[in-house]
Amino acid sequence: MKEESTDFIRQRISEDLATGKLKGEVVTRFPPEPNGYLHIGHAKSICLNFGVAEQFGGFTYLRFDDTNPEKESDEYVQAIIRDVAWLGFDWGDRLTHASDYFQKLYDFAEDLIRDGKAYICSLSGEEIRAGRGTLTEPGQDSPYRNRAVEENLDMFRRMRAGEFSDGAHVLRAKIDMASPNINLRDPVLYRIRHATHQRTGDTWCIYPMYDYTHCICDALEGITHSLCTLEFEDHRPLYDWVLDNINVNIHPPQIEFSRLGLEYTVMSKRLLQRLVEENRVDGWDDPRMPTIAGLRRRGVTPGAIRDFCRRVGVTKQDNVVEMSLLEFCIRQDLESASPRAMVVLDPLKVTLTNYAEDNETLEAPWHPQQDHLGRRSIPFGPNLFIEREDFAEVPPKKFKRLSPGEMVRLRYGYIIRCDEVIKDFDGRITELRCSYFRDSKSGADTSGLKPKGVIHWVAAEASVPVRVRLYERLFREPAPSGSTFLQDLNPESMRVVEARAEPAIMDSVETRFQFERTGYFCRDSELENVFNRTVTLRDSWKP
RNA sequence: UGGGGUGUCGCCAAGUGGUAAGGCACCGGGUUUUGAUCCCGGCAUUCGCAGGUUCGAAUCCUGCCACCCCAGCCA
């Protein structure tokens, strides 16, 4: 079994347990906002939160951070639930929503007002921004900062009752307009939004802000370690301020770690959403997307993603992980589990001029090392297809495939020799005329011939036409810039090819295969006779 | 130039005063009817830089430098 990781967060939890600071179970939460699909960066957080709880014998909430009705929807909620479950994590009955706590949140807000720690500010959005100061200059107190408690309470209730229009007033915390930390310059706690919430409908027209909501939900759920990404580090004093100023007896520590960066893609819901909305990809589950749904449709396994997240680690360092690590994890997980098949992606006709038999049937294991996967039949005949790139009229040095006058073994079949190359008027090769060696049958080879290499092939008539989608990186730049990322898109991120597959895979119940010598492929979940290339095979051939 | 962070091999990442783990990538070599898998071996005298403390420093101190985040009624 894999040894358990010990990143700084797990070390911290171990300490809390050892010093008695934490008694009882470790409780974490994964708190997505349902305003988009989850991506592999979220997977890192999911693996961390669920992994930590599992490792220390606790549990994890799946909590939707649904405080902004204008951007959130049930479609996203359902997609997120599906993705977290698919990744292999179980939240039991601990599926919650920030909106479950709207009334409690509201009550705490009234408490803050009564305590003189929050006030209704009637400045406009621009005025509030202007009054906030800058990074180097302190802000100015709002003229409403010292509004009387009773008036604040009355106005807050009227806000809730729907007496005001959007933006007319907000509830602000009374902290310090001169704080060097901008988040402490009387942050907005509640705003008016006459919008229908995907869960609470029109019950509310005021909605709490993230900073106010998140910490209270954590406390109410008894979260013992509130893990989030680095950009919230500056918000920690506010997280602490809220919990210190309301009547709760739980105060989880917020611990921040760095987000995952991955080469040749973007990891921002906003940018991913643009790709979807501007039809640069075919939806959130386009196999080129770094979304969980995209990776799934591409054929990536949950285990590969979990392994990737484990190998990537958890630190506070900014990082951009190379795609080769993800690919390694995918190949490793697929290698022993995937049945093999022969599929010719770019067919070149081969005619065996001396093949006089009736068509015959060969047999091969589904996997060269995994006998338990069984065997399959492979039809053979005088008319074949081989991979166009497995033939070279003028072979480069160390070429182990077919060329004029040379021999090659057809995998699980016979040895053939290329005798003649047929071309059309444009000089394009249209057919190879070859002879086969009858006594060289795989497993019963008495020919004594020693061909340089082995290639995959398919019988022309018996093979099945399938459409194969070959994916490349979505972006041509390792780190697409947020502002010009559309220009960085790789125009060749998907190539569709009409291939010929051995018939056995059409009868198989498997969805993932290794197409020998070309890569790992997955039957598309939506489209008939379509296979997606999950990842290529490692290729160490260098001419 | 205010505040908050981060700097260890191409990319991740251990290391918490005792003399630089590991993974990916890469480079050799072996096995192989997938140029796959698998197996062996190689790969940081040096930890952003410069000083200092110490018998001893990636780890402690001082000063620089670089990069990331923050001025939503987003999360």
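What you see below is based on every heavy atom in this structure, not just the backbone, and it leaves out hydrogens, waters and symmetry mates. Residue numbering restarts at 1 for every chain, and letters A, B, ... go by the order of the sequence lines.
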Atom pair distance, as rounded to whole Å: NE2 in A:His456 and P in B:U33: 18 Å
B:A75 phosphate, OP1 or OP2, under 4.0 Å from A:Arg191 side-chain N/O: yes
Value in whole Å for how far the P atom of B:G3 lies from CG of A:Asp176: 14 Å
Minimum-distance nucleotide (side-chain atoms of A:Val454 versus B:U33, B:G72, B:C26): B:U33
Assigned partner base of B:C49, Watson-Crick or wobble definition, under 3.5 Å: B:G63
Closest nucleotide among B:U6, B:U37, B:A75 to the A:Gln317 side chain: B:U6
Lys/Arg-Asp/Glu bridge criterion (N-O < 4.0 Å) met for A:Arg132, A:Asp186: no
Any N/O donor-acceptor pair, A:Arg129 side-chain to B:G72 base, under 3.5 Å: no
Under 3.5 Å on both distances, the Watson-Crick or G-U partner of B:A44: none
Check: A:Tyr106 ring centre within less than 6.0 Å of A:Tyr207 ring centre: no
A:Ser540 side chain near B:A36 phosphate (N/O to OP1/OP2, under 4.0 Å): yes
Euclidean distance, A:Ser268 OG relative to A:Phe485 CZ, rounded to 0.5 Å: 7.5 Å
Distance, rounded to the nearest Å, where A:Glu322 contributes CD and B:A13 contributes C1': 13 Å
Basic-acidic side-chain contact under 4.0 Å: A:Arg236, A:Glu256: yes
Protein-nucleotide distance (A:Arg10, atom CZ; B:A13, atom C1'), rounded to Å: 14 Å
A:Glu33/A:Lys71 ion pair, N-O < 4.0 Å: no
Nucleotide nearest A:Asp318 (side chain, heavy atoms from C-beta), chosen from B:C70, B:C68, B:C73: B:C68
Heavy-atom donor-acceptor pair, A:Arg517 side-chain to B:U34 base, under 3.5 Å: no
A:Asp234 side chain, from C-beta outward: closest of B:G35, B:C73, B:G4: B:G4
Sugar-phosphate only, base, or nothing, as touched by A:Ile192 at under 4.0 Å among non-hydrogen atoms: nothing
Atom pair distance, as rounded to whole Å: CD in A:Glu389 and C1' in B:G35: 11 Å
Sugar-phosphate only, base, or nothing, as touched by A:Met342 at under 4.0 Å among non-hydrogen atoms: nothing
Touch class at under 4.0 angstrom, heavy-atom based, for A:Arg132 against every strand present: sugar-phosphate
A:Glu516 side chain, from C-beta outward: closest of B:A71, B:G35, B:U34: B:U34
Distance-only donor-acceptor test, A:Thr136 side-chain atoms vs B:U1 base atoms, 3.5 Å: no
